[in-house]
Amino acid sequence: MKNILVVCAGNSCRSQIAHGYLNYFGFKKANIYSAGLEKHGIEPRAIATMQEDGINIKEHTSNLIEEYSHIDFDFIISVCDHASENFPTDFITKAVIIHHHFKDPAAVKGNNRQIHDAFENTRIEIKDFCRRFVRQYL
C-alpha cells in the first residue's frame, strides 16, 4: 500500500479537497494524508463543496507536515506554489514529488455566487487531477 501526502500552505482547503478525492478514487490502494506548512483549520466551504459531490471530509483534521515525519511517503503532492517553494527539504526521503498549483478559492472576494463558483471550479480541477493521478500511479 502506497503512502501519499498532499501538502498546501494551511491544510484548510485545496489539500483537504485532494485528500478527499484521493481517498475516493484510490480506495484501499493507498493511505492518504494531508498537511500544511501551517495549520489553519478546515475551510467550511471546502466541506460544503465536497458534499455537493457526495464526498464527506467533515471529519478531516488540519495537520502540520511535521506530524507525519515518521511515515515513509511514496508520493508528496503539493497543491499550491507556496507549499512547493517552502517545503522542508529534510522531510523528503524517497518520495516522488509532484506539484500542481490550484487556484485558492478561499482567497476569492465577491458575492456568494462568485465564491461558490470558485470553490466548485477548484473542486472540479482537483477531482480531475486526482482521478488521473490514481490511474497513473496506483
Step by step, would you call T49 with I17 a side-chain contact (heavy atoms from CB on, under 4.5 Å)?
-> CA-CA 9 Å; T49 196; I17 292 170; 4.1 Å; yes

For Q51, which residues count as a side chain to side chain donor-acceptor pair (under 3.5 Å) partner, sequence neighbours excluded?
-> none

Tell me whether the centres of the aromatic rings in F102 and F129 are closer together than 6.0 Å.
-> yes

Shortest non-hydrogen pair, I65 vs P88, comes out as CD1-CD, 4.0 Å

Ignoring hydrogens and geometry, is there a side-chain-to-backbone donor-acceptor pair from Q114 to N111 under 3.5 Å?
-> yes

Honestly curious: do F73 and V134 fall in one hydrophobic cluster under the side-chain, below-4.5 Å linking rule?
-> no

Considering non-hydrogen atoms only, spot the tightest contact between A46 and S12 and give its length.
-> CB-O, 4.1 Å

F75-I32 co-clustered via ILVMFWY side chain contacts under 4.5 Å | yes

Short question: side chain of E85, backbone of H82 - any donor-acceptor pair under 3.5 Å?
-> no

Do the ring planes of H70 and Y68 sit parallel (below 30°), tilted (30 to 60°) or perpendicular (above 60°)?
-> tilted

Verify the distance criterion only: is there a donor paired with an acceptor across the side chains of N31 and N3 at less than 3.5 Å?
-> yes

For F27, all residues meeting ring-ring contact (aromatic ring centres under 6.0 Å, His included), sequence neighbours excluded = none

Check K39 against S62 and note the closest heavy-atom contact, atom names and distance.
-> CD-O, 2.7 Å

Salt bridge K103-E125, side-chain N to carboxylate O under 4.0 Å | no

R131 meets the side-chain contact (heavy atoms from CB on, under 4.5 Å) criterion, sequence neighbours left out, with F25, K127, D128, R135

Could you state whether I71 and I4 fall into the same hydrophobic cluster, counting links through intermediate Ile, Leu, Val, Met, Phe, Trp or Tyr residues with side-chain heavy atoms under 4.5 angstrom apart?
-> no

Over all heavy atoms of both residues, which pair between R45 and I115 is shortest? Give the atoms and the distance, please.
-> NH1-CG2, 3.4 Å

